[in-house]
Amino acid sequence: MNPLDEKWMRLTEAARHVEDNRDTAAPYGFATRVAALGLAPERVATSLLERFSLRALGLAALLAVVCFAADYSTVVGFFRGETTNTDDPVAEVVDLAS
Amino acid sequence: MPEDESFDLAGCLDLVRQRDQAAARALVDHLYPLVIRIVRAHLPRRVAEEDLAQDIFLKMFTRLEQYQGAVPFPHWVSRIAVTTCIDQLRAQKRRPEFRWADLSENEADVLDAVMTNENDVEVGDALAARELVHKLLDQLKPDDRLVIQLLDLEQKTIAEITALTGWNQSLVKVRAFRARRKLQKLFHELEKKDQR
């Protein structure tokens with residue numbers, strides 16, 4: 001055996017002589033508390049917000065993507081500086097003013 | 001294993017599965033000595049033993065439906081206890097540095113006796129020896145520490161450790177080898193400091 005291993009073994013052998021005489025019975029009230037917690041009914045009904053917020057977020061993201069895809073040419077045209085051909089009177093007034 | 005042989009474990013488990021509070025209390029009382037011994041042997045620093053024991057029992061209740069009876073119920077609970085302790089040890093990322101100066105007088109004497117090989121460690125110094133062993137074990141990675149503690153302090157076999165931890169035999173051997181190498185390194189460092 002490696003001499004250092006031997007030292008470790010001597011040390012652990014000495015350590016094993018310590019007897020643990022501490023009480024191993026459950027403290028008063030421990031079993032009652034743990035049993036109550038352990039068998040507590042699972043939370044079935046979650047709040048409406050909890051239930052729908054993630055789905056709503058997903059739906060909103062999907063709608064945004066659909067809108068972008070549907071109006072893709074307009075968005076791209078806007079960034080290229082193309083004027084939009086529209087019958088919108090407000091747009092025409094803004095165009096005249098510029 | 002729990003001491004009370006007359007305890008009807010199978011009947012108690014059936015009642016607990018039917019959400020019987022009294023049976024659940026009896027089960028906790030019955031298994032507490034087993035669980036607390038494991039907790040005390042592997043208790044991480046700054047963690048209250050009762051809190052850890054409570055976590056273990058709550059896990060036991062949560063997973064009770066998964067228990068198929070392939071192993072005796074106390075073994076199944078022991079495994080939950082050991083894995084919960086190891087999770088707690090892993091959560092403590094920082095390990096305290098081992099310094100000769102931090103040792104108590106008794107611990108330094110014990111270490112000296114071990115290093116010089118001249119005297120056997122006296123039985124009266126067993127407590128100091130245990131403290132010293134735990135300080136050295138604190139320097140190991142949690143998984144390695146668990147293996148070496150089960151092997152050398154609790155004198156369990158590789159097969160028993162495999163059953164307790166769920167690790168395969170090769171992994172247990174590798175971890176034991178790694179732990180011993182690290183301990184050798186620590187002893188080398190201590191020897192060098194001792195010679196200065």
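In the text below, chain A, chain B and the rest are named by the order of the sequence lines, each starting its count at 1. Values below: all heavy atoms of this structure, side chains included; hydrogens, waters and symmetry mates excluded.
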If you tally heavy-atom pairs under 4.5 Å against chain A, which of B:H134, B:R40, B:E154, B:Q21 wins? B:R40
For [X], which atoms come within 4.5 Å of any heavy atom of chain A: side chain, backbone, both, or neither?
{"X": "B:L136", "answer": "side chain"}
{"X": "B:I148", "answer": "side chain"}
{"X": "B:E49", "answer": "side chain"}
{"X": "B:A53", "answer": "both"}
{"X": "B:I36", "answer": "side chain"}
{"X": "B:V35", "answer": "neither"}

A:L39 versus B:V16: any side-chain heavy-atom pair under 4.5 Å? yes
For residues 54-62 of chain B against chain A, heavy atoms under 4.5 Å, the residues are B:Q54, B:F57, B:L58, B:F61
According to salt bridge (charged side-chain N to carboxylate O under 4.0 Å, His left out), who are the partners of B:R130, at least two apart in sequence or on a separate chain? none
Tell me whether [X] shares a hydrophobic cluster with [Y], the cluster being built from Ile, Leu, Val, Met, Phe, Trp, Tyr side chains joined at under 4.5 Å.
{"X": "B:L151", "Y": "B:L171", "answer": "yes"}
{"X": "B:Y67", "Y": "B:L15", "answer": "no"}
{"X": "B:W167", "Y": "B:L164", "answer": "yes"}
{"X": "B:V174", "Y": "B:I158", "answer": "no"}

Nearest heavy-atom approach of A:G38 to B:R19 is O-NH2, 4.2 Å
Minimal non-hydrogen separation, A:A31 against B:D29, with atom names: CB-OD1, 3.5 Å
Taking atom CZ of B:F177 as the centre, report whether more than 12 heavy atoms of other residues, nucleotides or ligands fall under 6.0 Å from it. no
Nearest 0.5 Å please: distance from the CZ atom of A:F30 over to the CD atom of B:E50. 6.0 Å
What's the spacing between A:E13 CD and B:Q155 CD if we round to 0.5 Å? 8.5 Å
Any idea which of A:A25, A:A35, A:A36 has the most non-hydrogen atom pairs under 4.5 angstrom with chain B? A:A35
Between A:R33 and chain B, which part of the residue has a heavy atom less than 4.5 Å away: side chain, backbone, both or neither? side chain
